[in-house]
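Just so we're on the same page: letters track the sequence lines, and every chain starts at 1.
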There are 2 protein chains.
Amino acid sequence: MRTSRPRTKQGPRFIHERILADIQGKILSGRWAAGCRIPIEQELMKQYQCSRMTVSKVLTRLAHAGLIVRRRKAGSFVGHPHSQSAVLDIPDIKVEVAALDLPYSYGVLHRHKRRSSREEREIFGKDGAVPMLELDCLHMAGEQPFCLEQRLINLQAVPEAASETFAELAPGAWLRRRVPWMLAEHRIRAAAAEPEAAAALKIKPRTPCLVIERTTRDVASAITFVRLIYPGNLHELVASFMPIAAVSDADLRDRSPASRARSG
Amino acid sequence: MRTSRPRTKQGPRFIHERILADIQGKILSGRWAAGCRIPIEQELMKQYQCSRMTVSKVLTRLAHAGLIVRRRKAGSFVGHPHSQSAVLDIPDIKVEVAALDLPYSYGVLHRHKRRSSREEREIFGKDGAVPMLELDCLHMAGEQPFCLEQRLINLQAVPEAASETFAELAPGAWLRRRVPWMLAEHRIRAAAAEPEAAAALKIKPRTPCLVIERTTRDVASAITFVRLIYPGNLHELVASFMPIAAVSDADLRDRSPASRARSG
DNA sequence: CAGGCTATAATGTATAGTCATATACTCGAC
DNA sequence: GTCGAGTATATGACTATACATTATAGCCTG
């Protein structure tokens, strides 16, 4: 009921803003899953009663931002997020290990359902307590522990996680399939390994570790919080910054060859 | 004379690609300094022999990417970089300390001119040795050492640095004034403090530290390499990711220096 | 000279088309 | 059934134009 609201933070004034907000919202909220085809320009023209240029410019912008992929004749599709977040490259741990040419394995150390505590409520931004799944996983590179993962999953946002054992797929990858587009916030710091973490990682207590905490949320609420603890010299985070990719738009268009899910 | 060249990595095929590449190149290379006014749409139309829509779309895209700021009637201007790199927010250390409400001071511990060694040549991507300025600085928050900065400046790229004492302005800030737009690559890791670093920072050796290494380059060559060593729990890096800013384009246009709400 | 008004110059939004290009799909030849 | 040619379709590039918005610069008045 937003009738005659004060003029602060007024809604979209222009057609293109409305289209952008609508589409971005649908993608970020997960209503349009990754790979899903989005309406063609003609349909959007009709829907928003505007010209083709207008919708096209919005779609082009979304494509540049990496949210969608456009293919001639086929249409426009919701992009796959991991190809996007290259600004701060925190890939799948499995991929990281593979890049080191070491066999990857992983195991769940601890799995526990409970309600969110008060401090966690801060993270998940809800007033009431939320059902959570608490997971501790250990990722191995060969015989050596590579990363300790301490994760909380908001079961209200992802109820299916409650019955998932994560025996096959690590929770990170598992979640990425379900909640494809998301807003992420990282906090990165160095810390000495706590005794328990050190034991799990088979390193001496007080060894310097790189600690990455990431809160992942969709538009509505936080979905998962994860703390990744990497033994000091094993891991390095790389982030590079280039304002606009030097690749041609043509290169940008058709990445991710095979994947073509079709959902409504 | 590009007659029938093989189609690999051919130059810009389209007008808009050429315009984009040209303008981005001029900004990134520093030929157009921050704040500098860029040609108005009419001039670009004439220069590239195309319609206004075409140049406008390019400029709009550059504006969305944060490289330029557009103001009605006034024209388009090269943006100020620090307002941009919000993806991985590594601000001026002075600003960091100010945010903690502590008095900031800093001093140069070591200043030394020399030629680049072989491993550094790797960083700076030149074949021959390059004249370099080596600097060690200590940044203080109140009475406490806050960050140790170990920096190399490519004197071939920034000759003025040779005669600069950096007594007033820290090298990071000093460089930012000179080389406004740049490509940056960060490597972030946790490491135990080396004895010398520990002594400078007045912490126990082997204390976990957050080490940030950043190579900054313009299109031609690396300009500076810096290693920032933060005592473990003193510092946290925050990076948040949002595909397209939720703000309206209007908000985006006139960003004032006092903006940038912290995220979380 | 302060304060306000206006003309103007720049961007901002949007329309309505044309032609180009890539490609999913169909359909026919084999 | 498979391969290949042709066709339909959706995006891509671009033009030409119109009107809106807004900040600057200069003018005009008191």
From [atom1] of [X] over to [atom2] of [N], roughly how many Å is that when rounded to an integer?
| X | N | atom1 | atom2 | answer |
| --- | --- | --- | --- | --- |
| B:Glu41 | D:dA18 | CD | C1' | 15 Å |
| B:Leu20 | D:dA13 | CG | C1' | 15 Å |
| B:Ile15 | C:dC19 | CD1 | P | 16 Å |
| B:Phe77 | C:dA10 | CZ | C1' | 10 Å |
| B:Met53 | C:dA16 | CE | P | 15 Å |
| A:Leu62 | D:dG12 | CG | P | 12 Å |
| A:His16 | C:dT15 | NE2 | C1' | 15 Å |
| B:Glu43 | C:dA9 | CD | C1' | 12 Å |

Does [N] have OP1 or OP2 under 4.0 Å away from a side-chain N or O of [X]?
| X | N | answer |
| --- | --- | --- |
| B:Ser51 | D:dT17 | no |
| B:Thr54 | D:dT15 | yes |
| A:Arg71 | D:dA10 | no |

Practice task
Considering non-hydrogen atoms only, spot the tightest contact between B:Ile38 and B:Leu59 and give its length.
Solution key: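 Taking every non-hydrogen atom into account, CD1-CD2, 3.8 Å.
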Extract all donor-acceptor atom pairs below 3.5 Å that involve side chains of residues 25-33 of chain B and protein atoms in other chains or at least two apart in sequence.
residue : atom : partner : partner atom : Å
B:Ser29 : OG   : B:Gly25 : O            : 2.9
B:Ser29 : OG   : B:Lys26 : O            : 3.3
B:Ser29 : OG   : B:Arg31 : N            : 3.4
B:Ser29 : OG   : B:Arg31 : NH1          : 3.3

Practice task
List in chain and number order the residues that pass side-chain hydrogen bond (donor to acceptor under 3.5 Å, both in side chains) with B:Ser51, two or more places apart in sequence or in another chain; answer none if no residue qualifies.
Solution key: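 Checked B:Ser51 against side-chain hydrogen bond (donor to acceptor under 3.5 Å, both in side chains); matches are B:Thr54.
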Problem - Residues that B:Arg217 engages under side-chain hydrogen bond (donor to acceptor under 3.5 Å, both in side chains), provided they are two or more places apart - result: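 Partners of B:Arg217 by the side-chain hydrogen bond (donor to acceptor under 3.5 Å, both in side chains) criterion come out as none, since no residue qualifies.
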Problem - First of B:Ala74 and A:Lys57 reached from the 5' end of DNA chain C, by closest nucleotide - result: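 The answer here is B:Ala74.
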Exercise for the section: Determine which pairs satisfy ring-ring contact (aromatic ring centres under 6.0 Å, His included) with at least one residue from residues 154-179 of chain B, sequence neighbours left out, and list them in order. Expected result: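 Those involving residues 154-179 of chain B are B:Phe166-B:Trp174.
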What protein N or O atoms touch nucleotides 19-22 of chain D N or O atoms at under 3.5 angstrom, if any, and at what distances?
residue : atom : partner : partner atom : Å
D:dT21  : O3'  : B:Arg72 : NH1          : 3.4
D:dT21  : O2   : B:Arg72 : NE           : 3.1

Exercise for the section: Answer yes or no: are there more than 12 heavy-atom neighbours, outside B:Glu122 itself, under 6.0 Å from its atom CD? Expected result: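 For B:Glu122, atom CD is not crowded (no more than 12 foreign heavy atoms under 6.0 Å).
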Exercise for the section: For A:Leu59, answer base if it contacts any base atom (sugar-phosphate contacts may also be present), sugar-phosphate if it contacts only those atoms, and nothing otherwise; contact means non-hydrogen atoms under 4.0 Å. Expected result: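 Result for A:Leu59 = nothing.
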Practice task
Quick one: label B:Ser76 by what it contacts on the DNA or RNA (base, sugar-phosphate, nothing), any heavy atom closer than 4.0 Å.
Solution key: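 Answer is sugar-phosphate: B:Ser76 comes under 4.0 Å of backbone atoms only.
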Problem - B:Tyr106: partners by ring-ring contact (aromatic ring centres under 6.0 Å, His included), with sequence neighbours left out - result: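 Partners of B:Tyr106 by the ring-ring contact (aromatic ring centres under 6.0 Å, His included) criterion, ordered by chain and then number, come out as B:His139.
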